[in-house]
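Working notes for the structure below.
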Amino acid sequence: MATRTTRSNDDEPNGDASARRERTPRFLIRGGAIVALICAVLVASVFIAGRFPGDSMDIAWEAPAGGTVLDQVNGTQPYDSDGTLLYDGDGSWLAGDTLVRSRSYVATGHDAGTGKQVWEYWPPRNSKICATKADVDQSVMVVTRDDENRPASDEQQLCTTLAAVDMKNGREIWRTSIPALDRTRRFGDRERAQVTAGGGLTVLTHQGLRAVDVRTGTPRWTAAVPPNCVPAHALPAVRHVGALLACGGSKREPNGIAKDAELHAAAFDPATGALLWSTPMGDRQPVVWGQGGAHLVSAAPLVVDDNSAYRSFSRDGRPNPPISSRSLSIGTVAVDDTRLYSIGGRYVKGVGTRHHAMAFDLATGRQVWKNDLDTRIGVFHLQDGRLTVVGERRDLLMIPAVRLYLLDPATGEERDVRRFHYGEDPVAEAFEYKGLLIVGGTAYKRS
């Protein structure tokens, strides 16, 4: 009788069993590699796009470019044939719920919450905006512009009209004539505007110092400037009108200031124009005008940038120790009642300039803190006790990543760090408004 046998798995040839055992790990390895690759691609996409949940800055609204586009379309340049800057009308301010932006051809007002344009101010025909200043507490923008009645070829009527514009509706509320622009002014003269605004006043600096009411244009006073002194710059505030005076000197230039004139910081009563105090600048030797460029960076507290140091003064005019500005970035300064905040930088080959943020005590001149952000800073803004910094830093694979840093003004510590989407690189005057960060004509929200 035949016997039937059944083949068990144990009787399977050794070659087949070994092959199966070898294939199983390979499948697992390949599957794991595919999953890892997919995850890596997703992470890289999120990293490059800057879309980290709860850690990014998204665009809330964008406003049109305004006058900048008009300048490009018309092909005009705000420079004379000798390189003199004729028009310097760019500016941005936040007045209440209105964001105001000014360019050489037009000023516009936008709803700060939505970006919608609510008004526009066009200078009259044949006229351009030369400079703009604003008293945001009074919601008034003061515009220096050309005389609309001048012939197109008459350069003697450049920047000879001063007009005040209501920042709530864009309407011109008063105007007056001012002396013609000094055609010999240098680059540094742009910082010392002929007209400034603040504290309810518009202050004019030209062969003297006089103030008018910022909302009505009514003359208020002519300051009692010390003999043999010429006002070089002034900034009005509620506490006082800060001024930089150039005193003495052997030979005055067309702008009325001698190169060897001694610089004084001064304060005037905002109600009467009476001199409150005047203090020579410098420690053991006086600070002279030289090639110019010295200007006020703050009225209250009074802080002067003399191109080599920031010099601050107490309420009664006593000078504080200077803060050297040689290692700091020009023009990137914020000031509160007790401190000066600025950025310093170093050049890294193949990368560019890397910045760090610093704070100095005004009373002692000493550095209080330093945050080595190691980033290229494009926004540096102090508002309501919040120090906001936006800068580009290269992360993994040398991909540029633009981040927002919210610093504690007291310590320099980072309270919040967020990332902008790839391609976003805000560089302009910044404002905080109801949770939005407005930079130029773009508002960003945290997400």
Any chance you could lay out the salt bridge (Lys or Arg N to Asp or Glu O under 4.0 Å) test for Arg318 and Asp316, step after step, and finish with the verdict?
CA-CA 6 Å; Arg318 288 182 293 106; Asp316 59 2; 3.3 Å; yes
Ring geometry between Trp369 and Tyr341 (parallel below 30°, tilted from 30 to 60°, perpendicular above 60°):
tilted
Have Tyr433 and Asp97 got a donor and an acceptor in their side chains that come within less than 3.5 Å?
yes
Strictly distance-based, threshold 3.5 Å: is any side-chain N or O of His110 a donor or acceptor partner for the main-chain N or O of Gly115?
yes
Got a donor-acceptor contact below 3.5 angstrom from the Asp306 side chain to the Ala294 backbone?
no
Over 12 foreign heavy atoms within 6.0 Å of CZ, Arg210
no
Ser56 and Ser447: side chain donor to acceptor below 3.5 Å
yes
Determine whether a donor-acceptor pair (N or O, by modelled atom type, separation under 3.5 Å) exists between the side chain of Thr160 and the backbone of Ile178.
no
Is it the case that His421 and Asp58 place a side-chain donor and acceptor less than 3.5 Å from each other?
yes
Result for side-chain contact (heavy atoms from CB on, under 4.5 Å) between Val214 and one of Asp137, Val142, Leu201 points to Val142
Which of these passes side-chain contact (heavy atoms from CB on, under 4.5 Å) with Ser102: Ile129, Thr108, Val143, Val165?
Ile129
If every non-hydrogen atom of Trp221 is compared with every non-hydrogen atom of Ala271, which pair is closest and at what distance?
CD1-O, 3.5 Å
Examine distances only and state if a side-chain atom of Arg339 and a backbone atom of Pro409 form a donor-acceptor pair shorter than 3.5 Å.
yes
Around Glu413, counting heavy atoms of other residues, nucleotides and ligands shown, do more than 12 lie under 6.0 Å from its CD?
no
Is the number of heavy atoms from other residues, nucleotides or ligands within 6.0 Å of CZ (Arg415) greater than 12?
yes
For the pair Thr375 (side chain) and Ile377 (backbone), establish whether a donor and an acceptor sit closer than 3.5 Å, ignoring hydrogens and angles.
no
